[in-house]
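Note that these values count all heavy atoms, side chains included, but never hydrogens, waters or copies made by symmetry. Below, read A as the first sequence line, B as the second, and so on, with proteins coming before strands; counting in each chain starts at 1.
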Protein chains: 2
Amino acid sequence: MPGVPESKSPTVYDVARQAEVSIATVSRVLRRPDKVAAATRERVMAAVQQLGYVPNASARGLAGRRTGVLGLLIPGHDLPTTSDREDARSATGEVAFIDDRDGSAADPFRNRYFEQLVRGAEAAAWREGYALMVAAGRDMGREVVMHDLAGRVDGLAAVSRTVPDELLRTSIGRTPLVLVAGHSTADGDGADGGGEGADRAEGADVTDGTVDGVGPRGAIGTTADAVRVDNRGGMRALVEHVLTVKPPGPVLYLAGPPDSPDAAGRAAGFRDAIGGDGAGGDGGTGRDGTAWTELLGDFTWQGGHDAVAAHLEQDTPAAVIAANDQSALGALAALREGGVDVPGTCVVTGFDGIDESRWSTPALTTVRQPMLDLGVRAVELLLRRIADPGAPATELLLPVDVLLRHSCGPHR
Amino acid sequence: MPGVPESKSPTVYDVARQAEVSIATVSRVLRRPDKVAAATRERVMAAVQQLGYVPNASARGLAGRRTGVLGLLIPGHDLPTTSDREDARSATGEVAFIDDRDGSAADPFRNRYFEQLVRGAEAAAWREGYALMVAAGRDMGREVVMHDLAGRVDGLAAVSRTVPDELLRTSIGRTPLVLVAGHSTADGDGADGGGEGADRAEGADVTDGTVDGVGPRGAIGTTADAVRVDNRGGMRALVEHVLTVKPPGPVLYLAGPPDSPDAAGRAAGFRDAIGGDGAGGDGGTGRDGTAWTELLGDFTWQGGHDAVAAHLEQDTPAAVIAANDQSALGALAALREGGVDVPGTCVVTGFDGIDESRWSTPALTTVRQPMLDLGVRAVELLLRRIADPGAPATELLLPVDVLLRHSCGPHR
DNA sequence: GCTCTCGATGTAAGCGCATACACTCGTCGG
DNA sequence: CCGACGAGTGTATGCGCTTACATCGAGAGC
């Protein structure tokens, strides 16, 4: 290519020569323009433009001892569909016909909330002058991912349980770390089992280096910051609302599996709201006199359906509070089969905000995790930690969004 | 903190000293282990472990003249909800009650396919030893984003129309670039208006530095690689399928707005499939004798509904092929109102694969863009370009997925 | 008129790593 | 027994930038 200076990218030296200044001045113009005389500044800027100079981030990172990059580790696999469908299809290069009559093929990443997380984190990072690097935790080579990532970033936000705590601790080394409570069905959080008061729902910073090990903060828990979602407070708020709008009559709480931290947090929220006696049992009378019963579910449609159907044999509830959407949808079906009008006779609520909840009949009132916010807060926490590595571990408890829909009747 | 070596991160020098070798050997152990004697290698690895050494990516990038990072630029805004809901909410720290009876609040990023794109790109990048950096194009400071990004990555994949072509060209400079056709409703592609043959649908590489300027490749088009989605081929395949399963009777094509490249590509696909005469008009007889009519829609529910409702006054179609899902859903409603059984009397198809299509009654057969694939291919193309900067611009046309659902009856 | 101060700019020393090249020392063919 | 060879390792340089420090002038203060 004769004549065309297709050469290497220009460097500060090239700019300096062009502008007839030293490289230090070039650097100053770019980093702290106020430290340079206006005339000089303009001369340098002109040279930058003219040469199409783009600062080399590696060099900057090396010299400045910071990369200006934050990492976000989300759950994921190794191109799950690539080796199967994708590659096969692409090889033939033909349109694929997919039988989606059961709705299963619609999306390989159902309820894909991570886009929100990424966007929130990216925006927050950018706002503070950082770039965002994303990586998916994979089954194979996790150490490699982590190791690699750790060397590239100034700090790392990891969706909890994406990689084992153990690995986090060893691979990460000195890299600031923030744990992010992930999608509720994919991990545990909200296991706020202790005796904390209602103020935990206020989203205030809770400084604690000694949380009891439950939840996403295991072994590493005591040394890492974390952003969590307030399952308990969300359920409490939801139930309090339901109590004001439901028809007169008993309340049914459709619990989740006992070993799920999510289920535990939500159950605690329910008890907070219903109040009264029976806090330790499976039923009782709430502080406002409302009778309530707790049924054991397993987070599945069938489980919710069967439990409620069985219960209908003996009693008709005025409200079914389910610990998640799937079981709420099952309950909805059972009520329909039992001829119970929803929301006229009985209101129903779910938890999680899965896509299906929006399209059920009636549409399900549910609770959504603030994924965008999670991303934003995680980054904010991370930046705070980077700024002050010595600060005590902080836990942020984010309030949820309650989505009021038809299944709990007219609102307000 | 006395005693605790909370010092800086260890470097190759520390490892070298610990293992009693030179830094070159340490580097070799990490980069090309086969070049080092087994005993030495183990000694070094032990030191690495012991010190918790993590290579500094900036230094590596500087010395190696490559960052090992690819950039992905997706459309987006500046925390759209942050300054409003998020910040307001977080300030109070309380659970937000959102009236979602109309379904509008369910998700700030409806039909958010970008998670797929990111995952595909990330996985493909990782597979080749690269990390992925994502950035959202924002209204403000685009130059800054681009400039910054350009200095950080070895190559950049940009969803087309995320930033102006102009900016791409100037900011990017020498950085390898691949354009990615974005979500169909957000940008244009498939404007394969030229006289290309059916082979364009085969997903083969199409080498052309001289595409007519339509579509995402504007001024910069002739110099950048691109990955596109085959709207035309997708519609053609879909229509061919419909012709084999529909009841006897005429076909209605519900077109999109004339100025949309998407609409143009899909209309062309329809004509490819239906064949016969009338290729230039708004109706005719297909090559298999099927009568067809084209109605002008505008991609909206109402437009689809009204057009079909009006048409029903004079004729009952055996198939309604809509240029997108929204208008297909409108058509579905009009048919229901008109007492036309779907899919018994008339089959219906959409295009785009929006969430609603899955939950309509009957569920809508539609076409989905292979976002995961798009991400994978974009990265592959990018890597190819990085490897051979001098290669002619390549355009990849990806086949779509047809999601067969109840609205087009029993399949096969 | 001379020193002092301070703003503007230049000089030069790394930042941590990869790698070309030099060097050492067995091994092997002759 | 000697030189060529090659595997294994060390030395030294530079990647492009930031920044502490030195330098230089031009007013300000006396």
Residues in salt bridge (Lys or Arg N to Asp or Glu O under 4.0 Å) contact with A:D14, at least two apart in sequence or another chain |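 Once residues adjacent in sequence are excluded, the partners of A:D14 under the salt bridge (Lys or Arg N to Asp or Glu O under 4.0 Å) criterion are A:R17.
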Where each residue is assigned the nucleotide of DNA chain C containing its nearest heavy atom, which of B:A24 and B:S58 is assigned the position nearer the 5′ end?
->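 With B:A24 and B:S58 compared, the 5'-side residue is B:S58.
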Could you list where the contact with chain A starts and ends along DNA chain D, reading 5' to 3', using a 4.0 Å heavy-atom cut-off?
->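 Both ends considered, the range comes out as D:dG16 to D:dA20.
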Just checking B:L30: base, sugar-phosphate only, or nothing, at a heavy-atom cut-off of under 4.0 Å?
->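 No contact at all - B:L30 keeps every heavy atom at 4.0 Å or more from the nucleic acid.
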B:E20 meets the side chain to side chain donor-acceptor pair (under 3.5 Å) criterion, sequence neighbours left out, with none
Which residues satisfy the side chain to side chain donor-acceptor pair (under 3.5 Å) test with B:R66, sequence neighbours excluded?
->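 Side chain to side chain donor-acceptor pair (under 3.5 Å) check on B:R66 returns B:Y130.
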At under 4.0 Å, does any side-chain N or O of B:S27 touch on OP1 or OP2 of C:dA18?
-> yes
Please figure out whether B:A63 or A:R65 has its closest DNA chain D nucleotide nearer the 5' end.
-> B:A63
Salt-bridged, A:D148 to A:R152, with N to O below 4.0 Å?
-> yes
Are B:R127 and B:E380 ion-paired here, with the side-chain N under 4.0 Å from a carboxylate O?
->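 Result for this pair is yes, salt bridge flagged.
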Side-chain donor-acceptor pairs of residues 32-46 of chain B under 3.5 Å, sequence neighbours excluded:
unit_1: B:R41; atom_1: NE; unit_2: B:P33; atom_2: O; d: 3.2
unit_1: B:R41; atom_1: NH2; unit_2: B:V36; atom_2: O; d: 3.1
unit_1: B:R43; atom_1: NH1; unit_2: B:A19; atom_2: O; d: 2.5

Kindly say whether, by distance alone, the side chain of B:Y13 makes a donor-acceptor pair under 3.5 Å with the base of C:dC15?
->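 Answer no: no donor N or O sits under 3.5 Å from an acceptor.
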Anything under 3.5 Å between a protein N or O and an N or O of nucleotides 7-9 of chain C, put it in a table, one pair a line.
unit_1: C:dT9; atom_1: OP1; unit_2: A:T40; atom_2: OG1; d: 2.3
unit_1: C:dT9; atom_1: OP2; unit_2: A:A37; atom_2: N; d: 2.9

Look up atom CG in A:L177 and atom CE in A:M146, then write down how far apart they are to the nearest 0.5 Å.
-> 7.0 Å
Which whole-number value in Å describes the distance from B:R32 CZ to C:dC17 C1'?
-> 14 Å
Could you tell me whether the side chain of A:L382 reaches within less than 4.5 Å of the side chain of A:L70, counting heavy atoms only?
->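 Side-chain contact under 4.5 Å: yes.
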